[in-house]
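I have placed the structure first, in the form of structure tokens, so that the comments after it can refer back to it.
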There are 2 protein chains.
Amino acid sequence: MGEETIRVLVVEDHHVVRQGLVALLNVVDGIEVVGEAADGVEAITQFRKHQPNITLIDLRLPRMSGVDVIQRIRMESPGARFIVLTTYDGDEDIYRALQAGARAYLLKGMTTDELIATIRAVHAGKSHIPPAIAQKLAERMGTEELTPREFDVLEQIVHGKSNKEIATELEISEATVKTHINSLLGKLGVTDRTQAATAAIQRGIVPLESLRKPKP
Amino acid sequence: MGEETIRVLVVEDHHVVRQGLVALLNVVDGIEVVGEAADGVEAITQFRKHQPNITLIDLRLPRMSGVDVIQRIRMESPGARFIVLTTYDGDEDIYRALQAGARAYLLKGMTTDELIATIRAVHAGKSHIPPAIAQKLAERMGTEELTPREFDVLEQIVHGKSNKEIATELEISEATVKTHINSLLGKLGVTDRTQAATAAIQRGIVPLESLRKPKP
DNA sequence: ACCCGGCTCCATCTATTGATGGAGGCGCTC
DNA sequence: GAGCGCCTCCATCAATAGATGGAGCCGGGT
């Protein structure tokens, strides 16, 4: 195995980073970049077109998230192999990406050698999760899952809503909002809504980007 | 002007991104990468050693922040020219970097052509701030400055402390804490501590990284 | 059928938070 | 030295937030 050239698709929205990656990989023996995509939708198009052996993918993408792309492609091509490549290390994203079927998770701080070694390893059928990431996953395991409703409430809290506003927004009573808050505080291991908000952001449960714009 | 080769120093902690940038720039006519640094301290060493015309620098660096590096180097070499290159667009960092003397601020999403054009422009003595960034700066201008004490309190709020805990931590009375909170809420344009916390994170006033570890 | 977990609601009580107005000290600037 | 902004403290009040315990409904699984 590994005799043939490894065909790679690079999905990354930052032009310079993507072009840099392509430049770096194309000079490596046995690796060929067969396609590039700058957003999630393009990623799927490019995947179908080139059927790469390995897809190097960032999770933060315009139009469709990396996690969604992985899920979607794996439905069509269960054998597809993904290496997640990202700067961000929010626990939640790591978890979701691996759930979706990513074989490896690399932070952008790794060396070129590590990247290449990982590409070869994953192509050979192996998985690779760095110790630092494995650590976070282990920590996460202890964490209880939030119920859908608790998640809704948490989202509103992060967006700065009061209990009354949340009640109106979700069309439930304020008492129920408090009930949900009470249980999510417990699950997150925090003691008040402010801690819940920062924890949610820090762990990537609620994306920071959702704060930028007021809302429709 | 512009006859000679532009000597560039690349400061970026992510290996693949840095190597990608170097690879991209070195094939450009009239630009030569004379040095690389992966953290703030190394950046200063490399600057002294190579005296580059342009320093391409990320703000998020280990050991010493990009803003500190710019300030430090500008004290020694007031003519030094910096182009800030970052993914993150927290208002506060933009402001501080430009204050410190950066001539241009680019997001990593730009194209290679834009990057090269900016390097040439800055070398020719011009400045370059993209419209999106200028926009944020303008918005920021309307914002009142927080006093040192208000900042201390805000920091504690983001870290999930109660008023009582903040009072103890800062060795002031709870009443004083409330006074500070009241005025910082006004300055931030929010109505409660939870909104203050998310706003602080979103605007980059309190770095998200400070949440990772509890603290000594 | 029974049980369990999630979602809903309720009432009650306490603690925390935020608003307001007033007040003295301190250091800087005009 | 008068004025100004910051920091400190105080008291008081109203609004929110959080804890607790109890309750009914529904859907899935044993």
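Each chain gets a letter, A, B and so on, in the order its sequence line appears, and its residues count up from 1.
Counting only heavy atoms from C-beta on, B:Ser162 has its side chain closest to C:dT17 among C:dT17, C:dG6, C:dC10. Taking the side chain of A:Asn163 as heavy atoms from C-beta on, and the options D:dC7, D:dA17, C:dG18, the nearest nucleotide is D:dA17. Side-chain proximity of B:Asp192 to D:dC9, D:dC7, C:dG18: nearest is C:dG18. Taking every side-chain heavy atom of B:His180 into account, D:dC7 is the closest of C:dC7, D:dC7, D:dG18.
Contact annotation: A:Arg193 side-chain N/O to D:dA17 OP1/OP2 distance is under 4.0 Å. For the OP1/OP2 pair of C:dC9 and a distance below 4.0 Å, the side-chain nitrogens and oxygens of A:Ser173 include at least one atom meeting the criterion.
Atom C1' of nucleotide D:dC25 and atom CZ of A:Arg149 are separated by 15 Å, given to the nearest angstrom. Per the geometry, CD belonging to B:Glu150 stands 7 Å off P belonging to D:dC6, to the nearest Å. The separation between B:Leu188 atom CG and C:dG18 atom P is 12 Å, rounded to whole Å. We find that CD1 of B:Ile181 is positioned 9 Å from P of C:dA19, with the value rounded to whole Å. Summarising the geometry, the separation between CG on B:Leu146 and P on D:dC7 is reported as 10 Å, rounded to the nearest angstrom. One interatomic measurement links the two molecules: CD of B:Glu174 to P of D:dA11, which rounds to 12 Å at whole-angstrom precision. Across the protein-nucleic acid pair, A:Lys178 atom NZ and C:dA15 atom P stand 15 Å apart, rounded to whole Å. The CD1-C1' distance, from B:Ile172 to C:dG25, rounds to 16 Å in whole Å.
Base contact: B:Thr179 has a heavy atom under 4.0 Å from a base atom. Residue B:Asn182 is classed as a base contact, given a heavy-atom separation below 4.0 Å to a base. At a threshold of 4.0 angstrom between heavy atoms, the contacts of A:Thr176 include nucleobase atoms, whether or not backbone atoms are also involved.
A donor-acceptor contact closer than 3.5 angstrom is absent between the side chains of B:Thr176 and B:Thr179.
Counting non-hydrogen atoms of neighbouring residues, nucleotides and ligands closer than 6.0 angstrom, the CD atom of A:Glu76 exceeds 12 such neighbours. The 12-atom threshold is exceeded at CZ of B:Arg7, counting heavy atoms of other residues, nucleotides or ligands nearer than 6.0 Å.
DNA chain D is contacted by both A:Lys164 and A:Val190; A:Lys164 maps to the nucleotide lying nearer its 5′ end (nearest heavy atom per residue).
For B:Arg18 and B:Asp13, the salt-bridge test fails: no basic side-chain N is under 4.0 Å from an acidic carboxylate O.
Between the B:Arg81 side chain and the B:Thr55 main chain, no donor and acceptor come within less than 3.5 Å of each other.
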